[in-house]
Amino acid sequence: MSSADWTGLRSIDELSRLDTFVHRRDPRAMALATLAYVAVVMSYPSGSISALTPLALYPAILIAVGRLPVRPLARRMLLAAPFALAVAAAHPLLNRAPVAEVGPCHISAGWMTALSILLRFVLTVSAVLAAMACVGVDRLAVGLAGLGVAEMVAAQLSLLHRYLLVLGGEATRMARAVAARGGGARLPLRTWAGLAGHLLMRSLDRADRIHWAMASRGFEGRLPRTRRLQFRAADAVFLGVCAAGFAAARAWNLAVALGRLTGAR
Amino acid sequence: MHMADALISPAVGTAFWGVSGGLLGWSTRRLRNEGRPETVPTMGVLGAFVFAAQMINFAIPGTGSSGHLGGGLLLTILLGPWAAFLTIASVLMVQALVFADGGLLALGCNIFNLGFFPAFVAHPWIYRPLAGPDPRAPRAWAAAVAAAVVGLELGALSVCVQTVASGIAELPWRTFLLWMLPIHLPIGVAEGLATAAVVALVASVRPAVVTAGSRSARGAALVGLAAAAALVGGVVSWWASELPDGLEWALARSTGTEEIARPDTAVHRRLGKAQERVALLPDYGFRGSDKAGEEGGAPSSRIGTTVSGLVGGALTLAVAGGLALAIRLAGRRPAASG
């Protein structure tokens, strides 16, 4: 995580407090729809490209209806891309068997696979980020508990998120102090260990204080449910429309059908 | 080492969700039985600490590059295996959901690769036996490096297995392995040194903190690996009629046969028919689909598919983008007219 990422965490928090149709959806519905979406995208055979394109509608509509800014999303996608990009890039080198011709160019199987991987990456990452910007980590934790996930896991997610906002600020200030003293991007290990060790001990002290504060308010190991979830008709409709759309896109190659309509054979 | 969704098939993703979910459930139950409520805020804060510590890079001695703390082994030393596994899982969840570092379907895989191996294999089997009582002694440093290297290499191996079994990426097994394993060796050494450095510092100031993690979970390693093998094997063979190309390739290479005889049960026949229907659609069916015979299809039909696919694909993306833009503009107009 970088300091830019920490501000990214705060902006996800701010974005999740907007009030649009998708923001008002039950977190369980959003979580299930997004999980189904990712599973559908990844269920296509290797090398699929045109068949995947109709699925771009899901993240596109989430972003549009949710009034989510595209540039930070794209930036985060680029930051997350290196491993997938590297794997994708290996394919044109490894698999040069030509499978199609477009005019004078031969397209190799390796390129198809690479493009397919990249497209899947863009679709899945944009869907998850957009859904998270609509739900937010806290509401997701409550939703997960509502779906049957262990309370302790949901509580841990919520607490982690909360303290990330706090400790992220401290670490940013620490990194800035190091840079101001000429520390640069690569500290000697000993110096780093000193900083990290002190941050760790401050964290543990903080954890102690938090525990005593919670215990004095009756905490016995389980976080109380402060938010009640309501699964409304609109949530059912949202889930139903998503499921139908994903199924249609999976069953038929809608892109080729559209292409055929224009007369291309 | 975080796996993106783009490389994981639903079968492999689901299988590892099952394994990681089971391990999480087991960890939560062990933690509840321990009945130490002060662990709850500590897990939250230490998870945030790992995130924060990753913001500051250190120079890897001997090389010219920099690295940052992974944190799995450190958390296990400080918290014990069960709490550490839960904390690592929560860190990976936030990384995947908020920072797109790792996918959603791949979350189970990532929790297994980056949580199971440090907490239930590297720590109990390597660190604890080798480290000795004093975290500042040289043997504790060596133990940390060894444990970190083993944990990371096992994780890298697991990434290879998951990628090849998914078949989305058509990488040759051996090439991928020969690429992943050496890269993670210096990373493992750096992780071990960083972990040992922090533990040594904390031990000199607050020794009680380090002994708190003296619980170990040796048995969990075997149970976890057995469960993983059983679930992955079961789920993958259930989807056998949609056998991913990579697995076919790997199996063909290792067994020397071109094709695995498909079990002829009702389930497989039904799944096979469903796949046939899907494969009849005009899309690129390279290797491994039921229509293996159509591999060398007439070039003219290929071109036809290509052009309509290209045109249709481009049109679809344009429609999606246009629709999104239209919704955005429609939403803005009431505000503009004030």
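In what follows, chains are A, B, ... by sequence order, proteins preceding strands, each numbered from 1.
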In terms of heavy-atom pairs under 4.5 Å, which option from [options] contacts chain B the most?
| options | result |
| --- | --- |
| A:L118, A:L129, A:V40 | A:L129 |
| A:L62, A:L119, A:I61, A:V153 | A:V153 |
| A:A80, A:A257, A:S203 | A:S203 |
| A:I210, A:V125, A:L189 | A:L189 |
| A:L157, A:D208, A:L199 | A:L199 |

Taking side chain as everything from C-beta outward and backbone as N, CA, C, O, which of these in [X] sits under 4.5 Å from a heavy atom of chain A? Side chain, backbone, both or neither.
| X | result |
| --- | --- |
| B:L86 | both |
| B:A4 | side chain |
| B:V91 | both |
| B:T87 | both |
| B:A96 | backbone |

Who wins among [options] for the most heavy-atom pairs under 4.5 Å with chain A?
| options | answer |
| --- | --- |
| B:W179, B:F49, B:F176 | B:F49 |
| B:A197, B:S90, B:A196 | B:S90 |
| B:T175, B:D101, B:L317 | B:L317 |
| B:V202, B:T163, B:L7 | B:L7 |
| B:A6, B:G102, B:G13, B:G103 | B:A6 |
| B:V199, B:L97, B:L105, B:V198 | B:L97 |

Residue part contacting chain B, namely of [X], when any heavy atom lies under 4.5 Å:
| X | answer |
| --- | --- |
| A:A196 | both |
| A:V137 | side chain |
| A:L140 | side chain |
| A:L68 | backbone |
| A:V65 | both |

Are any side-chain N or O atoms of [X] and backbone N or O atoms of [Y], one a donor and one an acceptor, separated by less than 3.5 Å?
| X | Y | value |
| --- | --- | --- |
| A:Y163 | B:G47 | no |
| A:Q156 | B:M43 | yes |
| B:D5 | B:A106 | yes |
| A:S158 | A:A154 | no |
| B:S20 | B:W17 | no |
| A:S116 | A:M112 | no |
| A:R120 | A:Y44 | yes |
| A:R202 | A:E170 | no |

[atom2] on [Y] to [atom1] on [X], rounded to 0.5 Å:
| X | Y | atom1 | atom2 | result |
| --- | --- | --- | --- | --- |
| A:L195 | A:W192 | CG | CH2 | 9.0 Å |
| A:L85 | A:F121 | CG | CZ | 7.0 Å |
| A:L165 | A:H161 | CG | NE2 | 4.5 Å |

**Study point:** Among B:L69, B:L46, B:L79, the one residue meeting side-chain contact (heavy atoms from CB on, under 4.5 Å) with B:L74
**Key:** B:L69
Exercise for review: Indicate whether the side chain of A:T34 and that of A:Y58 have a donor and an acceptor atom separated by less than 3.5 Å.
Suggested key: yes
